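Okay, structure first, notes after.
What you see is a predicted model; the values in this text were computed from it and never measured. We count ligands from 1, going down the list as the structure has it; atoms in each ligand are counted the same way.
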Amino acid sequence: MSLLRSNAMKFLSICIIISLILTFIISVLPISLEPCNCESYIESHNSIHNDVQNKKYYNSIINSLNIGNKKKLAIVVPFRDRFDELLEFAPHMNKFLTEQGVPHHIFIVNQIDRFRFNRAALINVGFLFVKDHFDYIAMHDVDLLPINKDLKYEYPESPLHIAAPGLHPKYHYPSFIGGILLLKNDHFELVNGMSTKYWGWGLEDDEFYVRLKDAGLEIIRPQNIKTNMTNTFVHNHDRLHRRRDTLKCYNQKEETRKRDRKTGLNTMKYNINARKELDIDGVRVTVLNVKLECDKNLTPWCDCTEMPKESKLKSKGRR
Ligand SMILES: *[C@@H]1O[C@H](CO)[C@@H](O)[C@H](O)[C@H]1NC(C)=O
């Protein structure tokens, strides 16, 4: 009997302790029933994952385009901290493509995590976001504006490199495919998108070049262009103001020179925290706030801040 009573007492005191702990946790948690300023966040967050909302969202874009029987182009812009360039980019591209009669929409894929910039991963995110609603993508630098009207952003039966080595203001090596590259959805999927191992600036496009080659895809470039590297594009790049993140830490230098057969579309880990619509001089632009995840076992160089100073060697990269 006394055994039973002491057990009951134990049970009771455990219950009391647990409820005290729970009360404490609940009071500490940021969940509250007070009104908060997070409504627009929740709304846009839900709308990304809610099929009905999503359909409405895409319909509103598609309906605003003049499509006819044409293919739809999604301009996918990997982005961080380039607001002034975006303000120029959106109206320019809209005018340029509207004159060509290319139905298009601009998607700004804005990296908001605290890792180093990952251009390729952002392009993958953009592709996954648009692929069911658009026919082809242009992976597009925000600082490179085409000014020769003969550069046709047409549906690419084979990967179409607009910023060709003879035309790009800065990069002229034959296997260069950066800047502006158009792919139809099938081809981007065929090569599993881009490698996500490239944190910091450079080389991700060179790895992508090998992916296309290995898949037997021929890269085509604009034909009969009368302009050259000085007057085909406006390059809004201020080298001193926009310092490139050419840091190399851990074994980055070695690892990023290898062909990557592992990462790509099917290994993407990220979260779209918000989707916002901007109006820039009457041009509607979609901004995706994206938090990339980094597997620090695979790519510790997504964050170089913990490295001792002496190993933060500045690379003498090719550019
Ligand atoms: C590029 O084209 C412009 C205009 O036709 C010409 O003046 C210039 O010399 C050319 N530059 C090069 C490097 O060919």
Gap between atom CD1 of Ile123 and atom CD of Glu204 - 0.5 Å precision
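Answer for the CD-CD1 pair, Glu204 versus Ile123, is 7.0 Å.
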Please identify which of these residues, Asn271, Asp113, Asn110, Asn273, meets the side chain to side chain donor-acceptor pair (under 3.5 Å) condition with Asn289.
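With Asn289 as partner, Asn271, Asp113, Asn110, Asn273 yield a single side chain to side chain donor-acceptor pair (under 3.5 Å), made by Asn110.
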Ignoring hydrogens and angles, state whether a donor on the side chain of Asn118 or Tyr270 is under 3.5 Å from an acceptor on the partner side chain.
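Asn118 vs Tyr270: no donor-acceptor pair found between side chains.
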Going by atom types alone, do Arg114 and Thr305 pair a side-chain donor with an acceptor below 3.5 Å?
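No, Thr305 and Arg114 have no side-chain donor paired with an acceptor closer than 3.5 Å.
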Any heavy-atom pair between the side chains of Phe176 and Asp205 that's under 4.5 Å?
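Yes - at least one pair of side-chain heavy atoms lies under 4.5 Å apart.
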Using a threshold of 4.0 angstrom between heavy atoms of the protein and any atom of ligand 1, which residues qualify?
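Contacting ligand 1 under 4.0 Å are Asn228, Thr230, Asn231.
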For Lys72, does the NZ atom sit with more than 12 other heavy atoms under 6.0 Å from it, leaving out its own atoms?
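Atom NZ in Lys72 is crowded, with more than 12 foreign heavy atoms closer than 6.0 Å.
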